[in-house]
Amino acid sequence: MPPRPPQLTKLQQRQKRLLNIFTVTILAFLAFVVLCVFTPLGDGLTSQGASMLKAATSGVPTLAPMRPFPPCPSNWTNHLPCYDPKIAILYSRENNEFRERHCPPKSDRRRCLVPPPPGYRRPIPWPESRDRVWFLNVPHTTIADNKRNKNWMARQGDKWFFPGGGSMFPDGADGYLYHLRQIVEFGPAVRTALDIGSGVASFGAALLDYGVLTMSVAPKDSYRAQIQFALERGLPAMIGLLATQRLPFPARSFDLIHCSRCSASFGDENSTHVYEVDRLLRPNGYFILAGQPVAWRGKIAEWKRLRLLGKALCWELVKSVGNVAVWRKLGSGACRVGVEGDGRDVPLCSPALDPDDAWYVKLQQCAVPSAPRSWPTPPWPLRLHTPSPRVQLALPASSKASLSDWLAESSENGKTSASSSSSSSSSASGSDSAGGGGGAGAGGGGGEERVGLNGERRGEREGDGVGGGEEGGEGDDSGNVVGRVELASGGAVKVVVDGILAQGGKDEDAEEDREGGAGGKGGRAGGEREDGEGSDKPQRRLLSAEEEEDGAGGAGGGDTEQFKLLSLERKRWRRRLHHYQKHFLGPLLASGRVRNVLDMNAGIGGLAAALEDEQRKAERERAREREMGRERGRELQQQEGQQQGVGGVLPVWVMNVVPSTGPNTLPAIYDRGLLGTVHDWCEAFSSYPRTYDLIHLQSTAALMPSRERCEVADIIVEMDRLLRPGGTVIVRDQPGPLAVVAQAARAAQWSLAFFPPETKKGPERILVATKPMPPGFEDTDDGAMVGESDGQGGMDGGERVEGGGEGGDVGDGGEGGGGRSGAGEGGPGGGRPFEGRSGMAHAAAAAAAAAIDAKAGRPGNR
C-alpha cells in the first residue's frame, strides 16, 4: 500500500486558505490595473471621481447612482408617446380628433432612451440645412413619393433636397410670396406667423427673407414626419392641427396666419376653425387661405358662408384671386365684435372662458369679443423690449391693485420662486381689454394704428396712442426681473436680482454688464441689409442701439413699473448669456453646432431676447465694417453665411415653452415678437426625437409641482428624446434639486459639468450636460461639423463626467371629417393659386427653383 499523505493540522489548513485568498486578491488587483490602463474604464472612473469631488466642493451633493436607463426598442427611432397609433384608434375620426394629442397614463410610460436611426450623422449646419439634410437622419420617403409633382422634396444621393414647393405653390414659395407681396404689407409690422398644415415648412423658410418668424404646424398623418423634416432643416415647427381643440397658443399671437390646403373645415356649418383663427390673429393681422373652399368648384355655398362669417368677425376681404383669399382683421378702432346694435350676428364666448387658455381646451362655436382698446404694436425690433399690457397675465386670476401688492402677498405665502418671479415680475396693473396701466397707452388713449413698411405709423388712433414716455433706461440697462421678493422694514416690497435692488438699490455689476452688452450704446445705424443685386426683398434698415433703447422707452413708457422691470430682466439675461458664452456656450455657437434651442421654462422669453440682442449686435458690427470699407471679401461672406439666422446673424431660434402648471406668460412672449407654446412637462412634447441642439431649463420644480404625476427621471428621459446626439443641456437650480437632475442625467449616460452662477453668490448652481454620440459614430467634414464624439469641449472651468457605459400609422381610409375632400392634387377648380394672373412670377419662381443650388451657398440670403 502506498503511504498515506500526512494529515495537515488545523493551523496549516487555515494558512493554506489564507494563502489562496491572498493569491486570488493579488491576481484580481492586477487584472483591475490592466483594465484601467488599457481600457476606457480607467478614464471613466477617474473623471467620475474628479467630477464627484468637484460637485462636492461646489455645493452640489452627490446622490447614490441610479440604474442606467435601458435603450428603447430599435423600431422606436421616431417614437412619439402622445401620438401612438394604438391609442389614436380609440378616438373618433370626426374632425380629425384621432390625430390630436392622446398621451398614455403614467403606468404605461417606459423610461428608455430612444435610439437614433442607423447611419445617423451630425446635422448639416445652418444655413445649408434650409435646403438640404442627411437622408439617413430622416429616412422617410412617403412625402417625396406622394408629392413628387408638387416639389416638396426630392432625394439627391445621401441628402434630401427641398426645392421650396407646396401643394398650392408647386413652382416654389418665392414665386408664391411674389404674388402675396402685392396684397400683404410685409414689413416691421409683420413679425410672427402661423402656417397651419405646413408640410415641410417651405413657406416658413421663405418668410425668413422678410424677417418673419413662422411657427409651422402639421399633424402626424399618412405623410408621416413632416415636422421632423422641418426641424431637421432648422425651422421653427411642432406637431399640431386644427381639429377639436385649441392650438397651444394664446389669443392675438400672430400677425399673419397661412393655411394652404390644411385639412381644416372653413366654410362648414360648424365654424369652430374660423373662430380659432380669429382668436389667434392679432388686430390688423392677415389671414391667407389657399385652397378649398375659396372659389372651389362644388364648394360655392361654403365659400359664401365663409365670406359672410369673415365680415361678421370684422375681417376685411382684401383680395381673392383664383383659389387664394386674403383677409385683414380690422382693429377695434374701426370694427368690434360683440358690440350691441352693430348688426353682427356672431355668438360670443362666455367671459369665464379665458381667451389665452389653450391647453386641452375644446373648440367652441363662439367668437372672442374684441377688446375695447388694443395695444398698438410697435414695429420690430422695438417691440422686443417694449412692455405690453398683457404682461399682467402673469398675475393670479383675481385682479390685484398693483404688482407690488401681488409680490408682497406671494412673499408672505412663501410661494415666489426664481422661476415664478421671472414669469410675473413684469406684470402691472390694468388689463389689455381696459388698455390701462403702462405699455403703449402711457401717453393717452392706446387705440389702433398701422405700421408701414419703413416703420412709419399711420391710421386712426384714439387719443395719442404711443405716448411720449421718458427714455427707457440708459444704454445697456434694460431687461425683466427674475429674482426673489423680500419685505423691507415697514412692509415695503423690494425685488432682489443678484444683488441689484429694483427699487432704490445700487447696480453693483453695471460696469461688468457694459462690457460687450448686446444693446449697449455706441452702435451706429447699420444701413440697409444687403440681399444681393437685383433682390426684390424688402430692404431693412438696422436700428442703432440708441434707437432701439429710445424707441422701446418711448413706446413702453420709460417711467412705468412695467418698463423698469422689463429693463432689469433684459440686463439679467444679458449677463447670464455672457457668462454662458464665456464658459461653455461660446465655442458651440461659433462652430454652427447650435440652431434649434428649447427653453423649457421661458418666463417671458429672457433667453430668447438676449440671443436676439446678441444677433442684432453682430449684425450692426458687420454693417459698420461694410460702411467703413473694411470688407474682407469671401472670408466675411462665408462668416455671414454661417451665422445668418432667423431675424439676425447667429444661427439660432428659440422655442419658448411656458409650463401649463404656472403663470401664463406666453401672451407677453408673443407681444415681444417671439415664438413659443404652452406645455405640461409631465407629458411628452409635441415634437419628434432628435430635434433640438440646446435645451435650457431653470427650476425643475416649476415643471412638476406634484411628483404624483411625474418625477425628474421622466423629464430627463423626455429631454434625451428631444436632444440631438452631441447636444447640450443647461440646467439652473438650487444644489438639492440639481443633485437629483445630475443623478438622472448620469443614468441617461450624459457627460456632466458644474459651474458657479454668473454673480458668484447665492445658492444657485449651473449644470451643463452633453448627450453622447451613438456607438460607431464617424464624423466627417462633408457638411457635418467636426467634433469629439463624447464631449463638446470648450467647457472652461468645469469637470466633465463620462456617462456609463414606431409603429405604423393609423390607416387613413379617407382624410376624416374636414380632410382634403372632394379634390385630388389638381382639384376641381384648379390647384394653383392666383389663377388668371400674369405668368411672370411663375417663370421667376421656376428660375429660382432651378437655381437653388447656387442660392444655398450664397451668403446673406437666409
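Of all heavy-atom pairs spanning E276 and L247, the tightest one is OE2-N, 3.0 Å. Heavy atoms only, all atoms of each residue included: L235 and N596 are closest at N-OD1, 4.4 Å. Nearest heavy atom pair, residue L231 against residue A237, reads CD2-O, 3.7 Å. The shortest heavy-atom contact between A602 and I669 is CB-CD1, 4.2 Å. Summarising the geometry of G204 relative to D195, their closest heavy-atom pair is N-OD2, 4.4 Å, with the distance given to 0.1 Å. Between R279 and P355, the shortest heavy-atom contact is NH1-O, 2.7 Å.
Side-chain N or O atoms of R233 include one that pairs as donor or acceptor with a backbone N or O of V200 at under 3.5 Å. A donor-acceptor pair is defined here as one N or O able to donate and one able to accept, closer than 3.5 Å; such a pair exists between the side chain of N323 and the backbone of V294. Under the 3.5 Å distance criterion, the side-chain polar atoms of N656 are left unmatched by any main-chain donor or acceptor of G605. Checking side-chain atoms of R130 against main-chain N and O of A205 turns up a donor-acceptor pair under 3.5 Å. Without hydrogens or angle criteria, R383 side chain to Y670 main chain gives a donor-acceptor distance under 3.5 Å. Listed for the R261 side chain is no donor-acceptor partner under 3.5 Å among the backbone atoms of Q292. No side-chain donor-acceptor contact under 3.5 Å links E614 to the backbone of A610. A distance-only check finds no donor-acceptor pair linking the side chain of E232 to the backbone of Q228 [under 3.5 Å]. Checked by atom type and distance alone, the side chain of R282 pairs as donor or acceptor with a backbone atom of R252 at under 3.5 Å. A donor-acceptor pair is defined here as one N or O able to donate and one able to accept, closer than 3.5 Å; such a pair exists between the side chain of T192 and the backbone of S253.
Under the 4.5 Å side-chain criterion, counting only non-hydrogen atoms from C-beta, E612 is not in contact with P381. With contacts defined as side-chain heavy-atom distances shorter than 4.5 Å, the pair Q615/V652 qualifies. Between E185 and V190 there is no side-chain heavy-atom pair separated by less than 4.5 Å. F203 has its side chain within reach of L177: a pair of non-hydrogen atoms, C-beta onward, lies under 4.5 Å apart. Side chains of L242 and V277 form a contact here, defined as non-hydrogen atoms less than 4.5 Å apart. Side chains of D255 and W380 form no contact here, defined as non-hydrogen atoms less than 4.5 Å apart. Side-chain contact between V597 and Y692 is absent, with no heavy-atom pair separated by less than 4.5 Å. Within the 4.5 Å cutoff, the side chain of R132 has no heavy atoms near those of the W160 side chain.
Among residues two or more places apart in sequence or in another chain, the salt bridge (Lys or Arg N to Asp or Glu O under 4.0 Å) test is passed with D599 by none. Residues satisfying the ring-ring contact (aromatic ring centres under 6.0 Å, His included) criterion with F287, sequence neighbours excluded, are F266, W315, W327. The side chain to side chain contact (heavy atoms under 4.5 Å, CB included) search around V678 returns P248, W359, S660, L666, not counting sequence neighbours. Under the side chain to side chain contact (heavy atoms under 4.5 Å, CB included) criterion, A609 pairs with L384, H385, R672, sequence neighbours left out. Qualifying salt bridge (Lys or Arg N to Asp or Glu O under 4.0 Å) partners for R307, counting only residues two or more places apart in sequence or in other chains: none. Every residue two or more places apart in sequence or in another chain that forms a salt bridge (Lys or Arg N to Asp or Glu O under 4.0 Å) with E316 is listed here: R328.
The distance from the CH2 atom of W126 to the CG atom of L208 is 5.0 Å, given to the nearest 0.5 Å. Taken from CG in L598 to CG in L607, the straight-line distance is 10.5 Å, to the nearest 0.5 Å. Note that CG of L675 is 11.0 Å distant from CE of M238, once rounded to the nearest 0.5 Å. Separation of atoms CZ (R191) and CG (L674) is listed at 7.0 Å; rounding is to 0.5 Å. Taking CG of L289 as the start and CH2 of W303 as the end, the distance is 7.5 Å to the nearest 0.5 Å. To the nearest 0.5 Å, the span separating CG on L207 from OG on S216 amounts to 8.5 Å.
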Verdict with reasoning, W152 to F229, per side-chain contact (heavy atoms from CB on, under 4.5 Å)
CA-CA 11 Å; W152 280 30; F229 280 111; over 6 Å; no

Show your reasoning for whether side-chain contact (heavy atoms from CB on, under 4.5 Å) applies to L180 and Y210.
CA-CA 12 Å; L180 290 178; Y210 299 83; over 6 Å; no

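Using a 30° and 60° split on the angle between ring planes, H258 and F169 fall in the tilted class, from 30° to 60°.
With salt bridges taken as basic N to acidic carboxylate O contacts below 4.0 Å, none links R181 and D209.
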